[in-house]
Amino acid sequence: MASSAQSGGSSGGPAVPTVQRGIVKMVLSGCAIIVRGQPRGGPPPERQINLSNIRAGNLARRAAATQPDAKDTPDEPWAFPAREFLRKKLIGKEVCFTIENKTPQGREYGMIYLGKDTNGENIAESLVAEGLATRREGMRANNPEQNRLSECEEQAKAAKKGMWSEGNGSHTIRDLKYTIENPRHFVDSHHQKPVNAIIEHVRDGSVVRALLLPDYYLVTVMLSGIKCPTFRREADGSETPEPFAAEAKFFTESRLLQRDVQIILESCHNQNILGTILHPNGNITELLLKEGFARCVDWSIAVYTRGAEKLRAAERFAKERRLRIWRDYVAPTANLDQKDKQFVAKVMQVLNADAIVVKLNSGDYKTIHLSSIRPPRLEGENTQDKNKKLRPLYDIPYMFEAREFLRKKLIGKKVNVTVDYIRPASPATETVPAFSERTCATVTIGGINIAEALVSKGLATVIRYRQDDDQRSSHYDELLAAEARAIKNGKGLHSKKEVPIHRVADISGDTQKAKQFLPFLQRAGRSEAVVEYVFSGSRLKLYLPKETCLITFLLAGIECPRGARNLPGLVQEGEPFSEEATLFTKELVLQREVEVEVESMDKAGNFIGWLHIDGANLSVLLVEHALSKVHFTAERSSYYKSLLSAEEAAKQKKEKVWAHYEEQPVEEVMPVLEEKERSASYKPVFVTEITDDLHFYVQDVETGTQLEKLMENMRNDIASHPPVEGSYAPRRGEFCIAKFVDGEWYRARVEKIESPAKVHVFYIDYGNREILPSTRLGTLPPAFSTRVLPAQATEYAFAFIQVPQDEDARTDAVDSVVRDIQNTQCLLNVEHLSAGCPHVTLQFADSKGDVGLGLVKEGLVMVEVRKEKQFQKVITEYLNAQESAKSARLNLWRYGDFRADDADEFGYSR
């Protein structure tokens, strides 16, 4: 309640009215005000005081919406000037008052004085003196107060003030307009220029009712860019305030209610107007945010004309201090150290169009997702041919353009990273795949926000959030504004033009296409390329923009350490320094623009040649950094001297691949090279399967007893717990058990699923393949998995021979091998490694005869000539056998030496 002060006389005298004090909150009319007390821990109490003994005109009143027949009531003459007189004199001022009369309905009448005591200006007398109110009719002047009112009225009449002036006072009646026919046109017509106004009512902290001057439009104004807690209307008509709703409302009321303000009309929402209210003491929008009474809202902050960043900064100020509605606020990056929130890093790779891989100062790599943007994506379900594998970079419209924009702007450059939030890992659902934890940040280079630049070009869209979702970009408003510009200008994804199509041929591993393409690349000399992927230090995937194709490219002239490989049943460990070589190549060339010279191709359709980055030869650089050795094939190249020079320098440093290098005297080198022989370490194996391309699978004899024991235990386990027919759903690449034609169960791997009735399986312990219905498959019990005993069938190919490409000739060779060695024990020696599988020589266990040499002697295959010195002795033996078969005109040679003219036709090369 408003504060009161007793002012008493002697106990025997007449009662003196109690003098009470308060602050004027609102002027209801020329003869009624609302007074409030001082706030203590919340909005203060308030009461309505009506002026005694006088009457002022009634203000206009709008017809109630519930009474359709009722009409709006206009102002009475001089009612509004009377209200304005009091408003300008009293609003926000301290007054004192005495209550003289209180009606049974609780209506209070009394005298109001401006100031802290009754010596101040008597408000009733001032109104009457200005001709804005009259004494109540029938009131006799029988006390000093009434006498003074009578005198004031006579003076006003004599001076013809206010209502006593000539005329009927119609010019003081406002033409109030409660609705606007075209709000959008009304807002636009003011061109965002300040409009004078009086705030007539405060609904909540961010919604007011304003009287626009001078045309007297009564409009609802919502503050642009923010929202305060509101009052929820319940079913019974009562209102329930949200937390801090009453406090926010009082904050706005105490500063704006019935004050003269200026409003910038910025937009409209239905009949409501979005705007910014300016008061000489400041901007209420920013103040509400700074005090924690409001939060920013995305849908209207875009129309705020005085700088959205100021609103975000004010909101951030309240969040950091946990003021009011932010009392339980926890920042998205609260758990990060300052050095992890903001840092400088070098961009190493661009992942599609919304993420990059950066290298930190510590040398670690980190994936950074651009905050609050979404890369281009396929729209609709039928946009992609289901039989064709989706390549997002080329098949999703504008994905390639977005990736290229980032690649050209960022790769190899240092950027500033400000982490905005950490998006936690999410499990997979029926419609959404699983996502690992993602660090989302604002990335800038040279003061340019990369995400904003991407969005402004129409190469990404902005994610929309729930209003209470604080995990968003710290420059979210700029992103929204950039997207609006892109939409307006029809850029990229928002363009009405046909989407760009990228027909990129992938000829990696396609031998036939690679052969056709090879002459063009050889003639082209140096071709421009972009390194799309680095498989290892010397193996890369390149995109050739002029030819619009993808190729696999092998660096010529060097021998780079081999990386780890997954072979059937085991993981082959990488050679020393293979990872370092891969990392070196990645850091140097990944996603960079390079030049390549193609010299030749291998059997798998991979191109071989030289790659240049910024004028430097990558092969030479790898040798120089002791991550590769020079290969003898480099002798024919113009880069041979550079390679040898780099290798010699690396040898002297004795680092990495040359760490154990011991320099030998020159005179000792030649004899060693001449006498060097191939290593022959034959081990016993059991041949289980011969394939149509003359590869074969063997089991190691030493682990044979382990396999037999495992098979016996597994079959006993299956017999006691047989799989339910049809319960197993096969998945490609999964290990399982399969029932062979002999009725027994074997370990297998699913290779392909045509239908439930046609499942392709590979028997991992024997090397044979079969097509089975899923009813003859079951789950592999964990006790018999490949962790317990690796797959026992290992694939090999014959060394030093060429497999005939002619189908009939190849069938003859395969049949001969099947007759000689299938399901027999042999001796195996690994000669050299190659793409696909190791190449070996095989001997019969009893006679020690060379199986491959036997095929050559019979004229079933031709010799593959290799240049390595350690193989020259065995190659000579094979070539002699081939000459004997040729002389005897056996099999392939029955029509003589066909190689001179028809080698290509028959699929052979000399």
Side-chain angles (χ1 to χ4, degrees), residues 24 26-34 48-63 70-91 93 95 97 100 109-114 120-179 195-200 209-219 258-262:
V24 178
M26 186 176 184
V27 175
L28 298 175
S29 68
C31 55
I33 65 172
I34 291 179
Q48 178 178 331
I49 309 297
N50 300 283
L51 289 169
S52 299
N53 304 326
I54 68 167
R55 183 190 179 281
N58 292 324
L59 291 169
R61 185 180 294 273
R62 191 178 185 185
K71 293 184 178 180
D72 297 339
T73 306
D75 288 333
E76 290 183 0
W78 296 99
F80 185 64
R83 200 290 299 261
E84 286 296 273
F85 177 80
L86 289 190
R87 182 182 70 80
K88 292 175 180 177
K89 187 179 285 291
L90 298 182
I91 283 296
K93 304 283 181 61
V95 296
F97 58 91
E100 298 181 343
Y109 291 87
M111 303 296 288
I112 300 173
Y113 303 90
L114 185 61
E121 179 182 343
N122 185 314
I123 299 303
E125 291 177 9
S126 297
L127 276 166
V128 173
E130 292 296 325
L132 299 174
T134 62
R135 287 192 310 140
R136 285 194 176 274
E137 293 179 7
M139 188 69 65
R140 294 180 181 178
N142 54 8
N143 61 39
E145 288 83 1
Q146 291 171 2
N147 287 334
R148 280 198 297 274
L149 284 176
S150 180
E151 290 172 10
C152 290
E153 188 175 68
E154 293 303 322
Q155 290 170 5
K157 286 179 180 178
K160 293 185 179 182
K161 285 188 175 182
M163 63 180 67
W164 309 115
S165 60
E166 294 178 357
N168 56 9
S170 59
H171 65 284
T172 66
I173 299 173
R174 297 172 295 170
D175 178 18
L176 275 174
K177 304 169 187 70
Y178 296 104
T179 58
V195 178
N196 292 326
I198 301 167
I199 304 302
E200 295 290 351
R209 194 89 167 136
L211 182 68
L212 304 184
L213 302 175
D215 297 322
Y216 300 119
Y217 282 98
L218 199 56
V219 297
Q258 289 197 333
R259 265 59 166 204
D260 291 311
V261 298
Q262 288 188 316

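Here the structure is a predicted model, which is why all the values come from computation and not from measurement.
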What is the minimum heavy-atom distance between [X] and [Y], and which atoms define it?
{"X": "Asn58", "Y": "Ala79", "answer": "O-CB, 3.3 Å"}
{"X": "Ala82", "Y": "Ala56", "answer": "CB-CB, 4.3 Å"}
{"X": "Gln258", "Y": "Arg83", "answer": "NE2-NH1, 3.2 Å"}
{"X": "Trp78", "Y": "Gly162", "answer": "CZ2-O, 3.1 Å"}
{"X": "Leu59", "Y": "Ser29", "answer": "CD1-CA, 4.1 Å"}

Worksheet item: Going through the checks in order, is the salt bridge (charged side-chain N to carboxylate O under 4.0 Å, His left out) test met by Arg148 and Glu151?
Response: CA-CA 5 Å; Arg148 280 198 297 274; Glu151 290 172 10; over 6 Å; no
Distance in Å, [X] [atom1] paired with [Y] [atom2], rounded so as to fall on 0.5 Å steps:
{"X": "Glu200", "Y": "Arg87", "atom1": "CD", "atom2": "CZ", "result": "7.5 Å"}
{"X": "Leu51", "Y": "Leu86", "atom1": "CG", "atom2": "CG", "result": "7.0 Å"}
{"X": "Thr134", "Y": "Met163", "atom1": "OG1", "atom2": "CE", "result": "5.5 Å"}
{"X": "Thr179", "Y": "Arg62", "atom1": "OG1", "atom2": "CZ", "result": "6.5 Å"}
{"X": "Arg174", "Y": "Leu211", "atom1": "CZ", "atom2": "CG", "result": "6.0 Å"}
{"X": "Ile54", "Y": "Glu125", "atom1": "CD1", "atom2": "CD", "result": "10.0 Å"}

Is it the case that the side chain of [X] and the backbone of [Y] share a donor-acceptor pair, with hydrogens and angles ignored and the cut-off at 3.5 Å?
{"X": "Asn168", "Y": "Ser170", "answer": "yes"}
{"X": "Asp72", "Y": "Ala63", "answer": "yes"}
{"X": "Asp75", "Y": "Ala60", "answer": "yes"}

Discussion item. Counting neighbours of NZ on Lys177 that are heavy atoms of other residues, nucleotides or ligands and sit closer than 6.0 Å, is the number greater than 12?
Written reply: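 Result for NZ/Lys177: enclosed.
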Worksheet item: Is Arg61 atom CZ crowded by more than 12 heavy atoms from other residues, nucleotides or ligands, each under 6.0 Å away?
Response: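 Atom CZ in Arg61 is not packed in, count stays at 12 or less.
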With a 4.5 Å heavy-atom cut-off, do [X] and [Y] have their side chains touching?
{"X": "Ile199", "Y": "Arg259", "answer": "no"}
{"X": "Asp260", "Y": "Ile198", "answer": "yes"}
{"X": "Cys31", "Y": "Asn50", "answer": "no"}
{"X": "Gln262", "Y": "Asn196", "answer": "yes"}

Practice prompt. Determine, stepwise, if the pair Tyr109 / Glu100 fulfils side-chain contact (heavy atoms from CB on, under 4.5 Å).
Written response: CA-CA 6 Å; Tyr109 291 87; Glu100 298 181 343; 5.7 Å; no
Worksheet entry | Candidate pair Met111 and Ser52, rule side-chain contact (heavy atoms from CB on, under 4.5 Å), full reasoning | CA-CA 6 Å; Met111 303 296 288; Ser52 299; 4.3 Å; yes
Item to complete: Assess whether salt bridge (charged side-chain N to carboxylate O under 4.0 Å, His left out) is satisfied between Lys93 and Glu121, documenting all intermediate values.
Response: CA-CA 12 Å; Lys93 304 283 181 61; Glu121 179 182 343; over 6 Å; no
Worksheet item: Should Val27 and Ile91 be marked as a side-chain contact (heavy atoms from CB on, under 4.5 Å) after you check the CA-CA gap, both sets of side-chain angles, and the distance that decides it?
Response: CA-CA 7 Å; Val27 175; Ile91 283 296; 4.2 Å; yes
Fill in: Glu130 and Lys89 ion-paired at < 4.0 Å
no
